[in-house]
Protein chains: 4
Amino acid sequence: MVAQPGKTPRRAPRQGRSKATFDAVLDAAAQILSHEGYEQMTTNRIAVRAGTSVGSLYQYFPNKESLVIALRDRHAEKMIEAFETIVASLMEAPLANAVPAIAQAMLASHNIDPELHANLNILVSHLGGGRRLVDKVEARAVVVTRAYLEARRDEIRPANVERASFILVHTVYALAQQAAHHPQYRSNPAFVNDVADLVLRFLTKDPAVT
Amino acid sequence: MVAQPGKTPRRAPRQGRSKATFDAVLDAAAQILSHEGYEQMTTNRIAVRAGTSVGSLYQYFPNKESLVIALRDRHAEKMIEAFETIVASLMEAPLANAVPAIAQAMLASHNIDPELHANLNILVSHLGGGRRLVDKVEARAVVVTRAYLEARRDEIRPANVERASFILVHTVYALAQQAAHHPQYRSNPAFVNDVADLVLRFLTKDPAVT
Amino acid sequence: MVAQPGKTPRRAPRQGRSKATFDAVLDAAAQILSHEGYEQMTTNRIAVRAGTSVGSLYQYFPNKESLVIALRDRHAEKMIEAFETIVASLMEAPLANAVPAIAQAMLASHNIDPELHANLNILVSHLGGGRRLVDKVEARAVVVTRAYLEARRDEIRPANVERASFILVHTVYALAQQAAHHPQYRSNPAFVNDVADLVLRFLTKDPAVT
Amino acid sequence: MVAQPGKTPRRAPRQGRSKATFDAVLDAAAQILSHEGYEQMTTNRIAVRAGTSVGSLYQYFPNKESLVIALRDRHAEKMIEAFETIVASLMEAPLANAVPAIAQAMLASHNIDPELHANLNILVSHLGGGRRLVDKVEARAVVVTRAYLEARRDEIRPANVERASFILVHTVYALAQQAAHHPQYRSNPAFVNDVADLVLRFLTKDPAVT
DNA sequence: GATGAATGAGATTTCATTCAT
DNA sequence: CATGAATGAAATCTCATTCAT
């Protein structure tokens, strides 16, 4: 695996001080990006916040863009992992139990760092080879969801499972993000309930629920 | 409503040449922002693209930020107007007809300039007084939707109309935006159908649909 | 008298509206220069303050420099005129009466617009052909003073009348300017007295004064 | 003494390279200001003249204004130091010896860089918190002078020592500045003599001089 | 390696001046 | 003549990136 010059981290340091600095830089960047916006995210400020120097920053990232991409990838990885773990654990559960649990999980995952999430979303569209954060996270979520629905194909109403997965993932995702911005819905059980209803009623053949 | 100095356009150009320049600048900015991203949107390039000079640009906008805000407002106005017109015309229609029509309208409205929309969305969160584009457009959409649902309160299932409106608006909005980015769903009648289904099944008491 | 292009007013308008605008521009410039400093004195602001348009301003002054020079000249003219009138009226008076009266007059003349005076002083040194305001006003004052002292050559102590004039004029001038900036000495009779003393004791052979 | 943000140098450079750059910038600014005037003193030219880059300049000075203020302060410090050294060395000397020496010193100190001095004088009046160079240097000189005169209170004529100090300092200061601009008086012993006479005759009870 | 001073291209913004209306 | 929109050169300032220490 040869590092393509320019877009990827110079190296992915695995151990000790190197790893610590690498992460510190990424953390600092995440913090500034989410709390103060992209305009404020200068390499010098990142270094200071990370407790290092610009020079060291450039030891790990060949340029600013690569840093943003690394940030996106780390964030995406976190979210994907969380989502896949939940879904895996619910693979055998029936729809009526699995759906609210997944919805809940996705809502929770957005409370972590919604601002960072939002900022990363756009930023990378014109930076990192056109692939946005949503693309990465949601594409993966669609795959996982689709697998789950395929396994239940005859329990569910929609004929086109792929399209249904796409719709549901993006719906829940968007609502999670919005909820994160609206205090009255953040961590509101009734809201989670409604979201689960929305999904279940779309999926089930005979929605005599609630 | 007092104009905060520094954030609003310098003057409201009323006649001929002025108005033309003002609009040309906004158009140029929109164009560059959506096709080339924020990093490329420099005041000089905007002026050149608009067929004017930087000086003229600064005659109408005290700084770059105010320009971005004006862009957001103009775009929001357009979308809101479109949405409200549709809903108004459907105020008397029954759910089963109104919902698909509205969904269709929202999807259509996003095909106009999805990149501009996406870029504006983030940009303004750390710039213009913290109000994002979504906030403006969707808040208005929620109000309109809620009014419509209130009028049909006993036809619909959800008890909390406010929350239902919030959920539906953001769902359709998000799906519209995503569809704009996915060729296979953009202008796809089956997709529109599914979205309408999603909404209708959530709203209706006895979904004897399909 | 052909106008040299570039440094002199386009024309010295003698009558009616022209003269009024010309003066309004100069007044506005003086006002801004003395209250807000040179950096703030832009041609546009001058025009607005004067109640005209930049276009009209450029009808009377070929460029900004010529405006500053006109300002200096008008101010110098005013001061010189005041000074010469006083001295002329005291030509026959004895030293002990004339000196305090002149000192008083010079002090008074500086209370008119000390900030404008101070600002003009430097400004023009690199602008208007190197001649500063001081040069103009004080050079003239030296001439007048010298004439007065020559007429009393045998009443006074200093042998070199030219040098004495130079010293006295600049001394009184400087003290006037300083007094304008120090509330405790502005319009303070004891201060005027001391200044008169300073001059008289320098001039008189047998200073049995006070 | 809290550093007001925006008006003070960014950092106090202590070692080697930093200090050298810092000084080089100030020297370059002084040079341009005195020889070519404020209009020519652009940050880029300063940097070039200093043999650095604009970037470095802005590493030490947050903006142009702070640079001008630093310039004023350094210049004022130099003059004050020179003046106080002279006066201290003459503290015990009798009036008739001290006064000419001091006058001579002040005249000399103005020959160093009269243009810089003159330009700084005005410039800072509207820039650096309203305190002009004169204010700083002369205020200090008045204090020192007053202390000297207080010690000789019964040798001297004027009752109000404070006012006398004010008058004398400003007189000599102004004459020094003027002399710097008039070749025929610059470094002219007769001129120095006259200035000393002026001061002595004002101070002494029985001026049986010359 | 780590550091942070130095670099300079380039971004934002101002303002004297012109000229179509 | 008056107006003020338009112009664009030039000024101030920022920040990604390099490199001597």
Side-chain angles (χ1 to χ4, degrees), chain A residues 13 17-18 21 39-48 51-67, chain B residues 10-11 13 15-22 25 39-48 50-65 67, chain C residues 13 17-18 21 39-48 51-67, chain D residues 10-11 13 15-22 39-48 50-67:
Chain A
R17 216 153 39 121
S18 284
T21 304
E39 307 259 271
Q40 301 300 318
M41 189 179 67
T42 71
T43 50
N44 271 290
R45 289 196 64 196
I46 293 172
V48 169
T52 9
S53 57
V54 232
S56 292
L57 186 156
Y58 275 89
Q59 206 99 45
Y60 295 108
F61 303 95
N63 50 46
K64 198 184 178 186
E65 183 176 352
S66 72
L67 202 164
Chain B
R10 259 188 224 284
R11 72 191 73 198
Q15 74 264 59
R17 212 166 25 142
S18 287
K19 176 82 171 107
T21 305
F22 184 91
V25 168
E39 307 260 89
Q40 301 300 318
M41 189 181 65
T42 72
T43 48
N44 271 294
R45 291 196 61 200
I46 293 172
V48 169
T52 14
S53 57
V54 234
S56 288
L57 186 156
Y58 277 90
Q59 202 128 46
Y60 296 107
F61 304 95
N63 49 49
K64 199 184 176 186
E65 183 177 351
L67 203 164
Chain C
R17 218 154 36 122
S18 286
T21 304
E39 308 258 89
Q40 301 299 319
M41 189 180 64
T42 70
T43 49
N44 272 288
R45 289 196 63 196
I46 293 172
V48 169
T52 10
S53 57
V54 232
S56 291
L57 186 156
Y58 276 89
Q59 206 100 44
Y60 296 107
F61 303 95
N63 50 46
K64 200 186 178 185
E65 184 176 352
S66 71
L67 202 164
Chain D
R10 257 187 225 284
R11 71 190 72 198
Q15 75 264 57
R17 208 164 30 139
S18 286
K19 176 82 170 108
T21 305
F22 184 91
E39 307 260 88
Q40 301 300 318
M41 189 180 64
T42 72
T43 50
N44 270 296
R45 290 196 63 198
I46 293 172
V48 169
T52 12
S53 57
V54 231
S56 289
L57 185 157
Y58 277 92
Q59 203 128 46
Y60 296 107
F61 304 95
N63 50 48
K64 200 184 174 186
E65 183 177 351
S66 72
L67 204 165

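Letters A, B, ... are given to chains in the order of the sequence lines, protein chains preceding strands, and every chain is numbered from 1.
Taken from CE in Met41(B) to CD1 in Ile46(B), the straight-line distance is 5.0 Å, to the nearest 0.5 Å.
For the OP1/OP2 pair of dA2(E) and a distance below 4.0 Å, the side-chain nitrogens and oxygens of Gln59(A) include at least one atom meeting the criterion. When the side-chain nitrogen and oxygen atoms of Thr43(B) are compared with OP1 and OP2 of dT13(E), none of them lie within a distance under 4.0 Å. Within the 4.0 Å cut-off from OP1 or OP2 of dT7(F), at least one side-chain nitrogen or oxygen of Ser53(B) is found.
Pair check for dT21(E) finds dA2(F); Watson-Crick or G-U wobble, both atom distances under 3.5 Å. dC15(E) and dG8(F) make up a base pair, with Watson-Crick or G-U wobble contacts both under 3.5 Å.
Heavy atoms of Thr42(A) sit under 4.0 angstrom from primed sugar atoms or phosphate atoms, though from no base atom.
Atom CG of Asn63(B) is separated from atom C1' of dT13(E) by 9 Å (rounded to the nearest Å). Rounded to an integer number of Å, the gap from CZ of Phe61(B) to C1' of dT14(E) is 18 Å. To the nearest angstrom, C1' of dA11(E) lies 12 Å from CE of Met41(B). Atom P of nucleotide dA6(E) and atom NZ of Lys19(D) are separated by 13 Å, given to the nearest angstrom. To the nearest angstrom, C1' of dA11(F) lies 12 Å from CD1 of Ile46(D). Put simply, CD on Glu39(D) is 11 Å from P on dT12(F), counting in whole angstrom units. With rounding to whole Å, Leu57(C) atom CG is found 12 Å from dT18(E) atom P. Separating the CZ atom of Arg45(D) from the C1' atom of dC13(F) is a distance of 19 Å, rounded to the nearest angstrom.
Proximity note for Asn44(D) (side chain, C-beta onward) versus dC13(F), dT18(F), dT12(E): the nearest is dC13(F). For Val54(B), the side-chain atoms get nearest to dT13(E) when compared with the rest of dA16(E), dA9(E), dT13(E). The side chain of Tyr58(A) approaches dT18(F) more closely than any other nucleotide in the set dA6(E), dT18(F), dG8(F). When distances are taken from the side chain of Tyr60(B) to each of dT7(E), dT17(F), dA6(F), the shortest belongs to dA6(F).
In this structure, Ser18(A) and Tyr60(A) have side chains that are in contact, with non-hydrogen atoms separated by less than 4.5 Å. Residues Thr52(B) and Leu57(B) have side chains not in contact (no heavy-atom distance under 4.5 Å, counting atoms from C-beta outward).
When all heavy atoms are compared, the tightest approach of Ser53(B) to Ala47(B) is C-CB, 3.5 Å. When all heavy atoms of Asn63(A) and Tyr58(A) are compared, the pair lying nearest together is CA-CE2, 3.9 Å.
When each of Gly55(C) and Ser56(D) is assigned the nucleotide of DNA chain E bearing its nearest heavy atom, the one mapping closer to the 5' terminus is Ser56(D).
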